[in-house]
Participant: 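Sharing a structure below in structure tokens format, with a few things to ask.
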Amino acid sequence: MARTEKKGLVDSAADSGLDPVSVLPGVGPALQAALQRIGITRIQDLWFHLPLRYEDRTRLTPIRDLRVGESAQVEGTVEAVERSFRFRPQLRVVISDDARTMLTLRFFNFRRSQVEQMNSGTRLRCYGQIRHGTQGPEIVHPQYQRVTDAGVEVEESLTAIYPSTEGLGQKRIASLIELALRKLPGDEVLELVPRALRKDLHMLSLRAALLLVHRPPADADVAALLLGTHPAQQRLAFEELLSHHLSLRQLRMQIRRHGAPRLRGNGKLRKALIKSLPFQLTAAQQRVSAEIAKDIADAQPMLRLVQGDVGSGKTIVAAWAALAAVESGFQVALMAPTELLAEQHLRNLGTWLAPLGIEPVWLAGKVQGKARAAALAALAGDAQLVVGTHALMQQAVQFRDLGLVIIDEQHRFGVHQRLALRDKGRDGDRVPHQLVLTATPIPRTLAMTAYADLDVSVIDELPPGRTPVTTVALSSSRRGEVIERIRLACAEGRQVYWVCTLIEESEQLEAQAAEVAHAELTGLLDGIPIGLVHGRLKPAEKQAVMDAFRSGRIALLVATTVIEVGVDVPNASLMVIENAERLGLAQLHQLRGRVGRGGQASSCVLLYQPPLSAMARERLTAMRETSDGFVIAEKDLELRGPGELLGTRQTGRLEFRIADLARDAALLVEVQRIGTLMSEQHPELCERLVARWIGAASQFANA
Ligand code: ADP
Ligand code: MG
């Protein structure tokens, strides 16, 4: 679409937003490069670089008033400093305030100089999230400063915390935004949604909203700002949702314009596959297969999302679709988000397809040297099917004739990655069909926004004979009993998962927690072969452990949430999830889906640290009461929101700056209405809006 800008005063004023950030004083090449890493190249990118959250440093909270789960600023005097090396180095600093109540500060990474600073009697001001510790409240890795006699003032208004990157401190970003805001034009220039469309919404002006979120005044509604429901945040969320909606609309339109190979086939391979299976497809699997077959027989590219609960049998549907492409002489690529999952697909497909004379090619990051050269040659030559990770999207990968792209667990990949793989199969105007598999059950309203570029099929039935997993929630004080239960289960030849979780979104800390649990369980469960798998292991190490578990050489597998996605070991029939109260429902459900896959009765123990928050209690209750993914999804949406539901909170995929699909769901109806009007009446404004929020190099330019 050509940009049709009107000439005149208004547009030249708007241009200050399009100026490069280098026009700001002090922005040289190094800083420019750092900014670019977080998507900031122009002045307007700074205007729209919105706070990730706020920290309330406007007051000090007395230690006795601290509430678990909340973040707070506390001041106190160091009472005790303790270093220990149980399993790993740790520094514990106990402080107390005037009321003589104690707070523990815990550090896992620290420097000697830090320890030396913490003499008893030193006054510290710290900020962080309060957790339930063994000796009362604690903060892990607080931000802190020493307070001298003169004292330190508290802040007057909320502190905005911005998304950042290495080498770019919060102060630096905040000061750049401040400089950019001085160039913020009036609403007549800034607003891209025409007034006529906006007027029924009764929203703040864009300029007022931006100024407020960047510099909340001292008298602003703090509670609303912290929750993201302030009218200024809602105004911006509306605009962000609108631009995402418009961009997905554009994407869909562009994709539909391409042609695609007609994958009709003669059905021989598919029939042979079905005949060879030890089970019958469920009615839901048959229906979804038929939907896919109809789509790919068409000369328009399919864009279909197959949604099915954990264990609903999406893989066989994918294999069946793959055969339709192979029958038609085209190649198929199956991509999974982790090596673990990709290898599992390779194994499953290998078993199913080898008797039909089809050998899947394997391509992942660790495939190097001769093996890699051979794989690449096969893809450019007569390979029929390739299974792999994102390595499939590398430049060197070329296909002979890619007709179908299958992507598992879509929420781990972004729209871009989907397109990147598809473009491997581009042939003039012809692109491959795309099939996306996800275990994340998404309520309809949400699906329309999150996957507006896809058609959706649902496998809403589990294969017969599955016994629901019995779920109990136990306080961590009963850990000993649970460990005994593991001993008994292993004695009966059952296999067990022990899942460690941490609240910090840090793979490193989570891996450490798993190491600690592994050491502890090894000490307590003498004679039981125990394995450990976490995200920091090398792929080969991970694979070796998983193989040992699958083959039964390991009876108990201690794992982090890396096993959340797709791992299939039918003999595992007991799962213990530590600190289950910390996980969202969707994640708990995914994890639990790893058991109950074989014939035997399975159970899941949710260990929690009391006291439970009301929300955590509801989550654990929901887990006990149902194993239906859709019921859980609705409950999750009600309780917490789609961040977890879409799996974006952990992975940051959907990448909203300010919007939150659940919190702001009420805006979606208007977003769709105005989106339709805008794309019909003001295509050029749509384009500018999308560029402003989603990126200048209009990401879908070649879709
Ligand atoms: P998911 O949808 O979670 O990816 P999978 O495709 O891994 O589920 O299937 C889970 C298990 O169920 C696999 O072991 C698979 O072979 C088996 N399975 C799939 N479809 C059926 C069916 N119709 N009847 C019985 N077992 C099935
Ligand atoms: Mg799967």
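In listed order, ligands and their atoms are each counted from 1.
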Participant: Does Gly308 have a non-hydrogen atom less than 4.0 Å from ligand 1?
Facilitator: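 In this structure, Gly308 fails to qualify as a contact of ligand 1 - no heavy atom is under 4.0 Å.
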Participant: Please identify which atoms of ligand 1 are closer than 4.0 Å to at least one heavy atom of Arg597.
Facilitator: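 So the atoms of ligand 1 that pass are 3 (O), 7 (O), 10 (C).
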Participant: Can you find an N or O of Gln280 that's nearer than 3.5 Å to an N or O of ligand 1?
Facilitator: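 In this structure, Gln280 places an N or O atom under 3.5 Å from an N or O of ligand 1.
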Participant: Any donor-acceptor pair under 3.5 Å linking the side-chain atoms of Asp295 with those of Gln300?
Facilitator: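 Not at all, the side chains of Gln300 and Asp295 share no donor-acceptor pair under 3.5 Å.
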Participant: Strictly distance-based, threshold 3.5 Å: is any side-chain N or O of Arg619 a donor or acceptor partner for the main-chain N or O of Leu583?
Facilitator: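 Here the side-chain-to-backbone pair exists.
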Participant: Quick one: which of Thr282, Val306, Thr315, Asp408 has a heavy atom closest to atom 7 (O) of ligand 1?
Facilitator: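 That would be Thr315.
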Participant: Check Gln495, Arg550, Arg597 against Asn571 for a side-chain hydrogen bond (donor to acceptor under 3.5 Å, both in side chains) and give me the one that passes.
Facilitator: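 By the side-chain hydrogen bond (donor to acceptor under 3.5 Å, both in side chains) criterion, Asn571 pairs with just one of Gln495, Arg550, Arg597: Gln495.
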Participant: If you measure from each non-hydrogen atom of Leu281 to ligand 1, which part falls under 4.0 Å: side chain, backbone, both or neither?
Facilitator: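 Leu281 to ligand 1: backbone contact only, side chain stays beyond 4.0 Å.
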Participant: I want to check something: taking the side chain as every heavy atom from C-beta on, are Cys604 and Ile577 in contact at a cut-off of under 4.5 Å?
Facilitator: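 They are in contact (side-chain heavy atoms under 4.5 Å apart), so the answer is yes.
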Participant: Between atom CG of Leu353 and atom CG of Leu323, what is the distance when rounded to the nearest 0.5 Å?
Facilitator: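 Interatomic distance, Leu353 CG to Leu323 CG, rounded to 0.5 Å: 5.5 Å.
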Participant: Taking heavy atoms and a distance under 4.0 Å, where does Gln285 meet ligand 1: side chain, backbone, both or neither?
Facilitator: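 For Gln285, only side-chain atoms sit under 4.0 Å from ligand 1.
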